[in-house]
Amino acid sequence: MKTISIVVPCYNEQEVLPLFYEEINRVMALIQDEHPDTDYELLFINDGSRDQTLLKLRELAKKDKRVRYISFSRNFGKEAGMYAGLENARGDYVVIMDADLQHPPAFLPKMYNYVLSGEYDCATTRRVSRKGEPKLLSWFSRKFYKIMNKISQTEIIDGAQDFRFMTRPMVDSILSMKEYNRFSKGIFSWVGFRTKYIEYENVERAAGTSTWSFWKLFRYALEGFFAFSTAPLTISSVLGIVSCLIAFIMIIIIVIKKLVFGDPVQGFATLICVIFLMGGLQLFCAGISGQYLAKTYLETKRRPIYLVQETEEDMRKKSES
Ligand code: UDP
Ligand code: MG
């Protein structure tokens, strides 16, 4: 018997949960028809939702033994949700997918076959279009992947998603990375393993709204830069060296002008410009070092990645007693 754990991070997903539940069961039944030795569990992570998500999850867990859930004490973010899901999944295979049906369950049979074939350790989807997304956002996303892949050793595939079908060894490898500042797109790629990319067109949300504002995505992108590359540190050192060189050349020119041509030293305006430029460069570089220092500070605190308030086991125990 093989078990597939389906991990679903949920944040304010009361509207889509019933749709998702219905669709996933339909698809899993198809998989079971094809592979009768397969069972599955649904592991929902309630990431501190402010709506009725937890109530919906309790209801589902009550009527369906396959449904499990972990409810966080507050919103910890999707990265924490995925980590909690991987940590608590009991299956031989683990799937991570969004609740909003933007990761179509219809891909699961295909993904399962790729993994079962033994040729791949992971099957994932890759968006080839960004249909339905604001133009400006798509542009920034593409630029992010371009820069990221230039400055980082870890390759991050444009359009790759968190929709993944993984084998146990890959899951355990991901869990062995216990960093607090998690950037999954980098982590998936860093651990390696043979990954199959299935290309597809972007699908829009089934219901509810996306919680990823432009600003949130921008911060996430920065998180990626700082977590998977130290190139900004190198860039700031190079900037420092280059401006020192320029200053040195300027000093020589001024001295020669004064001694050889007897030019009076002049240029109040240029001086101000240079002071501003240098001041700006220094702050910029200090800021970059500060970012890394801040990340190190957070890592050394060794805070838990998430805190659990309630699980389906608690609920079942309570209803028994
Ligand atoms: N999500 C989460 N915690 C958060 C934000 C989002 O667990 O703080 C979940 C959300 O419920 C969904 C998935 O992450 O299942 C993707 O979120 P969303 O659809 O808002 O993002 P998008 O598809 O626009 O990237
Ligand atoms: Mg979505």
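Counting convention: from 1, in listed order, for ligands and their atoms alike. The shown structure was predicted, so the numbers you read here are calculated from the model rather than taken from an experiment.
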What atoms of ligand 1 come closer than 4.0 angstrom to any heavy atom of Asp100? 19 (O), 23 (O)
For a quick check under 3.5 Å, do Tyr180 and Glu79 share a side-chain donor-acceptor pair by atom type? no
So Pro18 and Lys56, do their side chains get closer than 4.5 Å, heavy atoms only? yes
With distance as the sole criterion, is a donor-acceptor pair present between the side chains of Glu41 and Ser5 under 3.5 Å? yes
May I ask you to identify the nearest protein heavy atom to atom 20 (O) of ligand 1, giving residue, atom name and distance to one decimal place in Å? Thr211 N, 3.0 Å
Is the shortest heavy-atom distance from the side chain of Asp162 to the side chain of Met82 under 4.5 Å? yes
Write out the residue and atom name of the closest protein heavy atom to atom 24 (O) of ligand 1, then the distance separating them to 0.1 Å. Ser210 OG, 2.6 Å
Tell me, please, whether Phe76 has Arg74 positioned over its six-membered ring: NZ or CZ under 6.0 Å from the ring centre and within 45 degrees of its axis? yes
Note: Asp47, heavy atoms under 4.0 Å from ligand 1, region reported as side chain
Nearest protein heavy atom with distance in Å, relative to atom 16 (C) of ligand 1: Asp98 OD2, 3.1 Å
Closest to atom 21 (O) of ligand 1 among protein heavy atoms sits Trp212 CD1, 2.8 Å
Would you indicate whether the side-chain heavy atoms of Asp314 and Gln309 approach each other to under 4.5 Å? no
Side chains of Tyr93 and Thr38: does their closest heavy-atom pair fall under 4.5 Å? no
Under-4.0 Å heavy-atom contact with ligand 1, by part of Asn75 that carries it: side chain
Is a side-chain donor-acceptor pair under 3.5 Å present for Gln32 with Tyr40? no
Ligand-side contact atoms (ligand 1) for residue partner Gln102, heavy atom cut-off under 4.0 Å: 19 (O), 22 (P), 23 (O)
Looking at atom 14 (O) of ligand 1, what's its closest protein heavy atom, distance included? Lys78 CD, 3.2 Å
Can you tell me if Gly81 has a non-hydrogen atom under 4.0 Å from ligand 1? no
Measure the distance from atom 9 (C) of ligand 1 to every protein heavy atom, then report the residue, atom name and distance (to 0.1 Å) of the closest one. Pro9 O, 3.6 Å
So which heavy atom in the protein is nearest atom 18 (P) of ligand 1, and how far is it from that ligand atom? Arg205 NH2, 3.5 Å
Give the atoms of ligand 1, by number and element, whose distance to some non-hydrogen atom of Gly77 is under 4.0 Å. 3 (N), 8 (O)
Could you tell me the separation between the CD1 atom of Ile288 and the OG atom of Ser236, rounded to the nearest 0.5 Å? 5.0 Å
In this structure, atom 1 (N) of ligand 1 is nearest to the protein heavy atom Tyr11 CB, 3.7 Å
Is the Mg ion (ligand 2) under 2.8 Å from any N, O or S atom of Asp100? yes
Given that the side chain starts at C-beta and the backbone is N, CA, C, O, which of these parts of Glu13 lies under 4.0 Å from ligand 1, counting heavy atoms, or is it both or neither? side chain
Only one of Tyr220, Phe225, Phe228 clears ring-ring contact (aromatic ring centres under 6.0 Å, His included) with Phe144; which? Phe225
